[in-house]
Structure formats: structure tokens, C-alpha cells
Amino acid sequence: MKKGYATRRGKIAVEDAAAYVRDLAQRLEARGRLGTTRLFIQHGDVSVYDHVLAVAKTSICMARVLSRVGIAVDVHALVRGALLHDYFLYDWHDSDPSHRLHGFKHPFFCS
């Protein structure tokens, strides 16, 4: 039997996890402005988009560990949250005073 993760739409196989992240990211891009995050730098030379994809993939790995100890995770919600956790549509490196303390404030604002 294939190991997988529960989602709202059933199970996804472990080997399909990266494809699942890419598919959900593409759907969020098509329906919103997630693709715009490719234009903004998060860490050094990594775009916000690449950063959130990496976080989503890492989150699935963490869900795998949790499932081994009997903790169920809604992977769809987990991946969606990972992809949107740094959803801000501005370059926080700009000297604009509204970007001061960005790391502390951005989770509380809607775009």
C-alpha cells in the first residue's frame, strides 16, 4: 500500500508531494497574485515565491514525521498556509517607513 497524506480531496502519495505543492502554488497564482511574490526578495537572493515553496515542501516532510507518531495533519491546509505565510506584495528592503519592523508586522496586514 502506498504511503500518503490526507488532504481535503483524499490522499496524496509521498512521491507526489512536490508535485502537489507545485500544483497548489499554480492554482493560487492563477486565482490571485501569488506569482507577484517572484518579484520580491525574502532572504538574500531568494524570492518570496521560492522561499514559500521550500517552506511548503519542508512542511510536508514534517507532516510525514508527525504521521509516524499518529498525529494527523490536513496537508492541504498545511501547504496552503505555507505558500501564503509570507504573502505581502512589497519590497520590505525599501526605505519606506511603513516597512519598518516588517518581520513583526506583516502577518497582521492584508494585501
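The figures here come from the full heavy-atom set of this structure, side chains too, leaving out hydrogens, waters and symmetry mates.
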Fill in: Residues forming a side-chain hydrogen bond (donor to acceptor under 3.5 Å, both in side chains) with Q26, sequence neighbours excluded
none
Worksheet entry | Joint cluster assignment, L84 & V75, ILVMFWY side-chain distance < 4.5 Å | yes
Worksheet item: To the nearest 0.5 Å, what is the distance between OG1 (T37) and CG (L53)?
Response: 8.5 Å
Worksheet entry | Taking every non-hydrogen atom, the tightest pair across V46 and D50 | CG1-CB, 3.9 Å
Practice prompt. Starting at CG of L39, measure out to OG of S47 and round the result to the nearest 0.5 Å.
Written response: 9.0 Å
Worksheet item: What are the two closest heavy atoms between L83 and V21, and how far apart are they?
Response: CD1-O, 4.2 Å
Discussion item. Taking the side chain as everything from C-beta on, heavy atoms only, tell me whether L28 gets closer than 4.5 Å to R33.
Written reply: no
Worksheet item: Is a side-chain N or O of H51 found less than 3.5 angstrom from the main chain of V48, in a donor-acceptor match?
Response: no
Response to the item:
Residue set satisfying side chain to side chain contact (heavy atoms under 4.5 Å, CB included) with L78, at least two apart, ordered chain then number -> S59, A63, V73
Worksheet item: How close do A25 and L34 get, heavy atom to heavy atom, and via which atoms?
Response: O-CD2, 3.7 Å
Worksheet item: From E29 CD over to T36 OG1, what is the distance, rounded to the nearest 0.5 angstrom?
Response: 8.5 Å
Discussion item. Restricting to side chain to side chain contact (heavy atoms under 4.5 Å, CB included), what partner residues turn up for D23, sequence neighbours left out?
Written reply: R27
Worksheet, complete the sentence: Across all chains, not counting sequence neighbours, the salt bridge (charged side-chain N to carboxylate O under 4.0 Å, His left out) partners of R22 are none
